[in-house]
Amino acid sequence: MATKKLSIICFSGDFDKLVAAFTLASGSAACNYQVNIFFTFWGLNAIKRKEGRTIVGRGFLARFFNFLQGGLQNVPMSRLNFLGASPKLMTGMMRKRNVATLKELIEASEALGVNFYACEMSMHILGIELKDFRPTVKEVLGVSRFLEYSEGGEKLFI
Amino acid sequence: MIHTIDITKEHCPMTFVKTKIKLAQIAQGDILEVTLKAGEPLENVPRSAAEQGFTVLETKQLHDDTYQVTIQK
């Protein structure tokens with residue numbers, strides 16, 4: 001039987017959209033899909049090695065932008081963000097109702113061998129390198145390599 | 001060897017994610033007893049395990065809405 005494959009282009013760095021992306025990724029990987037996530041632009045914030053606000057990147061503007069965006073702990077809700085309070089409140093509600101949190105979904109995706117890839121062009125703009133990401137990020141890719149890796153499977157843009 | 005996992009408090013996708021991770025950790029031929037709730041987990045965990053080549057040996061009801069699925073790796 002041919003390998004079933006799901007490739008997600010994770011453009012959004014919003015908390016709720018990241019929950020959707022990693023729920024699909026971990027669930028599909030558990031169902032024996034080969035899962036690829038191509039993180040681009042805002043999505044790169046989800047996979048930064050340092051999860052809080054830190055100064056990373058080459059050049060003043062890149063460092064400023066990266067500091068403002070922060071990492072996984074600073075991802076905003078797409079609606080009703082309330083100055084960053086909503087993701088924390090939502091995480092508390094998820095814990096209370098025994099639903100996997102965003103961090104747990106990311107760790108489950110990693111444990112199940114989901115392939116994380118980072119967008120070369122976005123990294124270049126933001127002045128960040130592969131070493132600035134979680135160690136599970138396998139490779140830095142451009143569009144052509146992503147098309148090659150995702151060929152023959154489902155593709156989703158989140 | 002028999003292993004156990006309780007996923008009665010988990011929700012999709014962690015029901016089968018945790019089962020899959022546990023199955024990956026145990027040795028070939030070992031048994032995994034999964035305690036789960038009726039509904040989505042009871043429908044999906046045995047089906048997903050069978051699709052991936054594991055052998056579902058038994059499904060038995062423990063309480064009203066709690067079941068135990070026995071899977072062999």
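Computed from a predicted structure; not experimentally measured. Just so it is clear: chains get the letters A, B, ... in the order the sequence lines come, proteins before strands, and each one is counted from 1.
- Note on Ile37(A) and Leu44(A): same hydrophobic cluster, where clusters join Ile, Leu, Val, Met, Phe, Trp and Tyr whose side-chain heavy atoms are under 4.5 Å apart, directly or indirectly.
- No path of Ile, Leu, Val, Met, Phe, Trp and Tyr side chains, each step under 4.5 Å between heavy atoms, connects Leu23(B) with Val35(A), placing them in separate hydrophobic clusters.
- For Met90(A), the CE atom is loosely surrounded, since the number of other residues' heavy atoms within 6.0 Å does not exceed 12.
- Under a cut-off of 6.0 angstrom, the local environment of CD in Glu148(A) is crowded, with over 12 non-hydrogen atoms contributed by other residues, nucleotides or ligands.
- With side-chain heavy atoms closer than 4.5 Å counting as contact, directly or through intermediates, the hydrophobic cluster containing Val143(A) also holds Leu147(A).
- Cluster partners of Trp42(A) are Ile9(A), Phe11(A), Phe38(A), Phe41(A), Tyr117(A), Met121(A), Ile125(A), Leu141(A), Phe146(A), Tyr149(A), Phe157(A), counting Ile, Leu, Val, Met, Phe, Trp and Tyr whose side-chain heavy atoms approach within less than 4.5 Å, directly or via other members.
- Using non-hydrogen atoms only and a strict 4.5 Å limit, no part of residues 57-87 of chain A faces chain B.
- Under the 4.5 Å side-chain heavy-atom criterion for ILVMFWY residues, no single connected hydrophobic cluster contains both Ile71(B) and Leu57(B).
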Distance-only donor-acceptor screen, chain A against chain B, under 3.5 angstrom:
| from | atom 1 | to | atom 2 | distance (Å) |
| --- | --- | --- | --- | --- |
| Ala30(A) | O | Gln52(B) | NE2 | 2.6 |
| Asn32(A) | OD1 | Lys20(B) | NZ | 3.0 |
| Arg97(A) | O | His11(B) | NE2 | 3.4 |

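- Minimum heavy-atom separation, Ala108(A) to Val17(B): CB-CG1, 3.6 Å.
- Linking ILVMFWY residues whenever their side-chain heavy atoms come closer than 4.5 Å, directly or via other members, places Ile47(A) and Ile158(A) in the same cluster.
- Pro13(B) places none of its side-chain heavy atoms less than 4.5 Å from the side chain of Leu24(A).
- What you find for Phe16(B) and Cys31(A) is that their closest heavy atoms are CE1-SG, 3.4 Å.
- Under the 4.5 Å side-chain heavy-atom criterion for Ile, Leu, Val, Met, Phe, Trp and Tyr, Ile31(B) and Ile5(B) are members of distinct hydrophobic clusters.
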